[in-house]
Each structure stands twice: as structure tokens, then as C-alpha cells.
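Predicted model only: the values in this text are computed from it and were never measured.
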Amino acid sequence: FKNKESIIAQLVLASVEDLYNYRQLYLLDAKNFEECIYALVLSYLDWVEDHPHFAYLMLSEKLEVHAGEYCEISEEKRAFSRQRIVDWLLLPENKAGLNDEVPHDLYSSFING
């Protein structure tokens with residue numbers, strides 16, 4: 001690492017990946033769209049409870065990660081993580097009970113919410 005900001009940036013990026021892994025584990029048991037939404041919300045809450053310091057790092061607007069040289073990488077990592085969840089929701093075997101009237105571009109709002 002070249003400086004302390006790069007260490008923090010790597011922790012934030014690792015946190016995004018870890019949160020994604022929590023979400024994936026919770027989604028494995030979801031049998032319909034409603035359960036997917038519950039899984040997304042509960043996985044986030046449980047992850048924050050289990051990793052409060054990492055959650056602070058991810059959510060802190062004071063850090064250079066969100067505004068400095070790592071800003072683009074951080075946003076790309078978050079967007080990629082959200083897209084992987086959307087892709088998972090769209091798989092035919094995971095669409096049980098999914099209302100096709102819900103626009104696909106709203107799925108990331110479910111994930112972020």
C-alpha cells in the first residue's frame with residue numbers, strides 16, 4: 001500500500017464484496033420475489049450488525065475513498081455488486097413470484113433500499 005488512504009480504500013472494497021457474499025447466502029433460501037426482498041434487507045442488517053466498523057467505513061462520506069482517487073473504483077465495485085444481484089434475480093429459476101410488470105431498472109433500488 002502506498003499510503004493509509006489506499007489501505008482504507010482496500011478495506012472498503014473488501015467490505016462491498018463481503019456484503020455481496022452475505023446477500024448471496026441469504027438469497028439461496030429465497031423462494032419468491034418477496035422472500036428475495038426480505039433476504040436483501042435482512043442480509044444487509046445482519047452484515048451491519050456483524051461488521052459495524054466496516055459498515056462505518058462503507059457509509060462514511062468523510063473518507064477519501066468516496067471522493068479521492070479510489071472514488072471511481074469504489075463506485076464501479078458497488079455497481080458491479082448490485083448488477084450481480086439483479087442478474088441473479090432475473091435468472092428463470094429465481095423468478096418465482098416475480099411480477100414482470102416491475103421494471104428491471106427498479107431492482108437495484110430494492111437492493112440499495
Side-chain angles (χ1 to χ4, degrees):
F1 303 105
K2 59 184 178 180
N3 53 36
K4 65 182 177 183
E5 286 80 19
S6 66
I7 294 170
I8 293 172
Q10 291 305 313
L11 287 171
V12 169
L13 297 175
S15 297
V16 171
E17 187 66 27
D18 192 55
L19 175 57
Y20 169 78
N21 291 333
Y22 257 67
R23 288 174 171 166
Q24 284 299 101
L25 287 173
Y26 280 67
L27 285 169
L28 289 174
D29 293 330
K31 307 224 180 345
N32 57 47
F33 189 66
E34 182 178 348
E35 288 181 15
C36 287
I37 300 305
Y38 284 127
L40 292 170
V41 171
L42 292 176
S43 64
Y44 180 77
L45 294 174
D46 287 348
W47 184 84
V48 169
E49 185 176 310
D50 291 346
H51 304 90
H53 298 296
F54 287 125
Y56 172 80
L57 283 175
M58 277 182 55
L59 298 173
S60 178
E61 294 298 323
K62 296 180 269 184
L63 297 176
E64 288 295 316
V65 176
H66 302 295
E69 67 181 285
Y70 296 97
C71 176
E72 188 175 323
I73 296 168
S74 176
E75 186 49 44
E76 285 175 7
K77 183 83 164 174
R78 290 173 188 220
F80 182 67
S81 178
R82 287 190 301 267
Q83 187 58 50
R84 289 191 295 182
I85 299 292
V86 170
D87 293 345
W88 185 91
L89 289 171
L90 292 174
L91 290 173
E93 62 270 21
N94 298 330
K95 288 184 71 169
L98 180 60
N99 184 343
D100 285 328
E101 294 175 13
V102 175
H104 296 169
D105 56 343
L106 290 181
Y107 293 174
S108 67
S109 295
F110 291 132
I111 296 164
N112 291 333

Is there a path of hydrophobic side-chain contacts, each under 4.5 Å between heavy atoms of I/L/V/M/F/W/Y residues, joining F54 to L42?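 Looking at the clustering, F54 is in the same group as L42.
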For H51, the option from Y56, Y22, Y44 that meets ring-ring contact (aromatic ring centres under 6.0 Å, His included):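 Looking at Y56, Y22, Y44, the match for H51 under the ring-ring contact (aromatic ring centres under 6.0 Å, His included) is Y22.
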Mind checking the [atom1]-[atom2] spacing from [X] to [Y]? Nearest 0.5 Å is all I need.
{"X": "L25", "Y": "D46", "atom1": "CG", "atom2": "CG", "answer": "11.5 Å"}
{"X": "H53", "Y": "L11", "atom1": "NE2", "atom2": "CG", "answer": "12.0 Å"}
{"X": "L45", "Y": "L40", "atom1": "CG", "atom2": "CG", "answer": "11.0 Å"}
{"X": "L27", "Y": "C36", "atom1": "CG", "atom2": "SG", "answer": "5.5 Å"}

Using the test side-chain contact (heavy atoms from CB on, under 4.5 Å), find all partners of A14 that sit at least two apart in sequence or belong to another chain.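 Applying side-chain contact (heavy atoms from CB on, under 4.5 Å) to A14 gives none.
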Who pairs with E17 by side-chain hydrogen bond (donor to acceptor under 3.5 Å, both in side chains), at least two apart in sequence or on another chain? K77, R84
Which atom pair, heavy atoms only, marks the closest approach of L19 to S43?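 Closest approach of L19 to S43, heavy atoms only: CD1-O, 4.4 Å.
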